[in-house]
Amino acid sequence: MKISVIGAGNVGATLAMRIAENDLADVVLLDIAEGICSGKAMDLTDAAPVINHDRKIIPTTNYKDIEGSKIVVITAGFPRMPGMNREELLLKNSSIVKEAAGNIKKFCPEAIIIVVTNPLDAMTYLAFKESGFPKNRVLGMAGVLDTSRFTALVAGELNVRHRDIETYMIGSHGDTMVPLISHTKVKGEPISNVLSSEKIEEVVKRTRARGAEIVGALKAGSAYYAPSASTFSMVEAILKDTKRTLCVSCFLDGEYGLKDICIGVPAKLGKNGIEKVIDLKLTEKEAQEFKNSAEVIRKTTTKLKELCSK
Ligand code: APR
């Protein structure tokens, strides 16, 4: 089993490490910078005997080497710098994702694409269009991360275990992400029974600001431990065909009343990629927030289309 990771930066290399060390697959690590992928591949290979796995990490700058991959993850791009919003990344990252999707189509026509590069929903849309793959085989990583961040903060507030919390974060990967409070349970109880609405609002605000908070603290670069862990959970669900429901960016064709857009929704993941979009019932407030979120993505996607047609 082989998986390719495009971009051997912080997210890509940490993801490669998680895949190899959990004995999921061999990893082709592709980067435009030869030294980065070969140096990191050597370092990860040197760790294999200590960790006791026999997975290979294969560095390359040549897209031909991704041939035969079951999944290709696109992490290549520029991370968000302090003060830079996700939309400003659009111009820089769209050419990289376009190049990656074109090469995946050429060398791995049967692969499943997971997009990590920001602005996430627009980049997932671009990969979907450029590859021409069916909608079940192109998905984006954001909702898993946002859900995990919200879960971690709620667990901290209530001093409960993470596994005691069930929640979904949908919509765009950005300031307009939508927490589904009406579907959030703590030890099986509605969250509103155990946290005041003010406290819930405060935790939602902290979740929305978490990425920027980390960027501000790191000064250079952005989060990568949680993003790589989130991407790993998607890779694992697909490779092991677990049918686990995770919040991921999907191309919608009528679900949630939306068409021709990639946006975060809960979906069952298995060997075919997105096996089913879970159409949850939203409250009026959640539906309105989701609509706002979709509008933000549409604006970015329209900008993207303009850029691509030039
Ligand atoms: N082809 C292949 N790799 C590329 C290309 C390209 N055209 N352009 C840039 N890269 C590589 C860089 O050389 C770098 O090694 O992508 C890598 C990005 O790594 P980091 O800068 O460390 O970024 P990272 O923190 O891993 O974030 C990856 O996730 O959060 C999103 O939008 C963010 O694009 C970022 C992505």
Side-chain angles (χ1 to χ4, degrees), residues 4-19 27-41 43-44 57-66 69 72-104 106-107 113-127 130 139-146 148-149 172-174 177 210-232 234-235 248-249 262 264 300 304:
S4 290
V5 178
I6 313 302
N10 284 333
V11 177
T14 314
L15 173 64
M17 183 183 87
R18 293 189 192 283
I19 292 170
V27 184
V28 173
L29 197 51
L30 184 148
D31 204 284
I32 198 169
E34 207 273 326
I36 287 182
C37 57
S38 62
K40 290 190 182 184
D43 200 8
L44 286 167
I57 315 272
I58 306 135
T60 187
T61 54
N62 188 344
Y63 269 102
K64 195 181 178 322
D65 295 331
I66 70 172
S69 303
V72 183
V73 183
I74 306 175
T75 77
F78 295 89
R80 196 153 56 113
M81 302 305 281
M84 189 189 213
N85 69 34
R86 289 196 168 85
E87 275 63 37
E88 285 165 339
L89 284 179
L90 183 66
L91 190 60
K92 286 186 151 203
N93 286 351
S94 56
S95 63
I96 297 175
V97 170
K98 220 172 155 180
E99 181 195 21
N103 278 296
I104 296 167
K106 183 171 171 194
F107 294 112
I113 303 178
I114 300 178
V115 180
V116 178
T117 306
N118 278 319
L120 194 274
D121 301 286
M123 291 301 121
T124 307
Y125 183 88
L126 179 61
E130 276 303 307
L139 54 161
M141 188 292 295
V144 182
L145 172 62
D146 297 331
S148 182
R149 284 176 170 163
S172 84
H173 183 46
M177 65 180 77
R210 194 63 159 184
E213 190 183 352
I214 293 170
V215 168
L218 290 175
K219 302 282 189 292
S222 51
Y224 58 97
Y225 291 118
S228 61
S230 302
T231 313
F232 173 78
M234 293 165 67
V235 170
V248 299
S249 186
C262 285
T300 312
L304 175 75

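Order of appearance sets the numbers: ligands from 1, and atoms from 1 within every ligand. All of these numbers come straight from a predicted model, not from anything done at the bench.
Of the possible polar contacts, none joining the Asn10 side chain to the Ala223 backbone as a donor-acceptor pair under 3.5 Å is found. Here the side chain of Asp31 pairs a donor or acceptor atom with the backbone of Ala8 at under 3.5 angstrom.
Counting the atoms of ligand 1 from 1 in the order shown, those under 4.0 Å from a heavy atom of Gly9 are 15 (O), 17 (C), 19 (O), 20 (P), 22 (O), 26 (O). Taking a cut-off of under 4.0 Å to the non-hydrogen atoms of Glu99, the atoms of ligand 1 that pass are 7 (N). Near Asn93, meaning under 4.0 Å from one of its heavy atoms, ligand 1 places the atoms 32 (O), 34 (O). Residue Thr75 has at least one heavy-atom neighbour below 4.0 Å for each of these atoms of ligand 1: 28 (C), 34 (O), 36 (C).
For Ser69, the side chain to side chain donor-acceptor pair (under 3.5 Å) criterion is met by Ser4, not counting sequence neighbours.
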Apply the test side chain to side chain contact (heavy atoms under 4.5 Å, CB included) to residues Ile6 and Ile66: give CA-CA distance (whole Å), side-chain angles for both, the deciding distance (0.1 Å), then the verdict.
CA-CA 9 Å; Ile6 313 302; Ile66 70 172; 4.1 Å; yes
Evaluate the criterion side chain to side chain contact (heavy atoms under 4.5 Å, CB included) for residue pair Thr300 and Tyr125; output intermediate values, then yes/no.
CA-CA 10 Å; Thr300 312; Tyr125 183 88; over 6 Å; no
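Considering backbone and side-chain N/O atoms, Asn10 comes within less than 3.5 Å of an N/O atom of ligand 1. On a distance-only criterion, Asp31 and ligand 1 share at least one N/O pair closer than 3.5 Å.
Residue contacts with ligand 1 include Phe78, since one of its heavy atoms falls under 4.0 Å from the ligand.
Here atom 32 (O) of ligand 1 lies nearest to Asn118 when heavy atoms of Asn118, Val11, Ile74 are compared.
Side-chain N/O atoms of Ser172 and Asp121 include no donor and acceptor closer than 3.5 Å.
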